[in-house]
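Below: the structure, in structure tokens.
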Amino acid sequence: MKSLLAWWFRLTLPRHLPETTPAERERARYARLTSTFALVIAPLGLLAFIYGALTSLNPIAPWIEGVACFCALASPLLNRWGFTIVAASLLVLNSMINSVGNLITNPLDPVYVGIFSALVIPIVLAGALLPPVAALLTSFLNSVVIIGLTLFQQHTPEYDRWLRLGYGSIMIALPIALQWIVGIITYVIMRYLIATIRRADRAEEIIALQKEIAEYQRQRAQEQRQLEEGIAQIAQVHAAVANGNLDARVPTGQEGVLWQIAVPLNNLLNHAQQWKRNSDLLEQTYTLAHQLVRYLQRCRLQQTPAVFTQPTGTPLDPILPEIQYLSEKAARTSRTSSLQ
């Protein structure tokens, strides 16, 4: 049964049926109700048309059944195209035609008076498939139909005899009263039901809104916590750098709130660290240069060659072998001159 309904809904419901707002959900409910009733009424209307065309002795009856069948078959198509109110109205009209069709094609007889009671079916359909006020409008239309048939339709002698006996209250007033009683009851029930459904929709919206607010507050609290953690990490890095630790870095990651600040700060610290290394190397070179000058002066006074056995790790390393070579050459030259 579920698979049949699913197939029928795919066939007769609008292709894109949004259900985000309460009004859209209400239209979707009416569309599904109309589609469900059409699944029952359309086959019955087709069968009634075929049976009437094959068995009816009145030539007008097949045409009446054909109009009712057309209403039943056109309703799912119109519902598919989004004309839900028109589709539901056709189903109501189908039930009205099926109820009073025999009364139109035959003289009014007491036997047919009970058919007036079948007009409550369109009232219930109208109340279920259309706004609740449609039940009252259908009651009014049914009352007009009953009065019109009573006044203008041909009567059988038996019907006139019953009227003369004072049974008009049973044959006319009672069916009309039944239409209004059923119409008012249907109107009240559907109004209350729709109000209950709307309150449920509003409650669902409130719950969904509360969830969104809670999720938003959770995200804000998480962002606030990440912001505080990021600020604390940056403050720690600043304190470490102020104490001379240029190796300190701010942890980076896309999930961090301050990652756009942390990355440039780390780049700046990298450059600062490189500047510190260059500064230390320059200071070491400057100190070594002074030591080298004093060492060379001492070697000159002692007339001994300068000897450099280990590299200094400074830019002076390439020239130290040359200085040693020139110093040794100068020492040999000095010894040769003294021997001569």
Euclidean distance, I123 CD1 relative to T138 OG1, rounded to 0.5 Å:
6.5 Å

Once you round to the nearest 0.5 Å, how far does OG of S143 lie from CD1 of I176?
5.5 Å

Give a yes or no answer on whether the side chain of N79 reaches the backbone of A87 with a donor-acceptor pair at less than 3.5 Å.
no

Which distance, rounded to the nearest 0.5 Å, do you find between the CD1 of I115 and the CG of N98?
11.5 Å

Do other residues, nucleotides or ligands put more than 12 heavy atoms under 6.0 Å from the CH2 atom of W180?
yes

Show the nearest heavy-atom pair for residues Q179 and S117, with the distance to one decimal.
NE2-CA, 4.5 Å

Rounded distance (nearest 0.5 Å) linking atom OG1 of T12 with atom CZ of R32
11.0 Å

Measure from the side-chain N and O atoms of S279 to the backbone N and O of W275, and report whether any donor-acceptor pair falls under 3.5 Å.
no

Under-4.0 Å salt bridge between R25 and E205:
yes

Please lay out, stage by stage, how L149 and H155 fare under the test side chain to side chain contact (heavy atoms under 4.5 Å, CB included).
CA-CA 9 Å; L149 289 174; H155 299 173; over 6 Å; no

Will you find, in the side chains of E215 and Q219, an N or O donor that is under 3.5 Å from an N or O acceptor?
yes

Consider only side-chain heavy atoms of I, L, V, M, F, W and Y, link residues closer than 4.5 Å, and tell whether Y159 and I147 are in one cluster.
yes

Measure the CZ-CG distance between R80 and L11 for me, rounded to the nearest 0.5 Å.
7.0 Å

Mind listing the side-chain donor-acceptor pairs of residues 182-191 below 3.5 Å, one per line with the distance, residues two or more places apart or on another chain?
residue	atom	partner	partner atom	Å
T186	OG1	V182	O	2.7
Y187	OH	R191	NH1	2.7

Interatomic distance, OH@Y30 vs CG@L129, rounded to 0.5 Å, equals 9.0 Å

Restricting to non-hydrogen atoms, name the atom on T36 and the atom on W8 that form the minimum distance, rounded to 0.1 Å.
N-NE1, 4.5 Å

Tell me, do S75 and T34 make a side-chain contact under 4.5 Å, heavy atoms counted?
yes

Check whether S95 reaches the backbone of V92 with its side chain - one donor and one acceptor, N or O, closer than 3.5 Å.
yes

State whether the side chain of N243 and the backbone N or O of A239 hold a donor-acceptor pair below 3.5 Å, judged by distance alone.
yes

Could you tell me whether a side-chain N or O of W81 sits under 3.5 Å from a main-chain N or O of P14, the two making a donor and an acceptor?
no

Are the side chain of N142 and the backbone of L119 linked by a donor-acceptor contact shorter than 3.5 Å?
yes

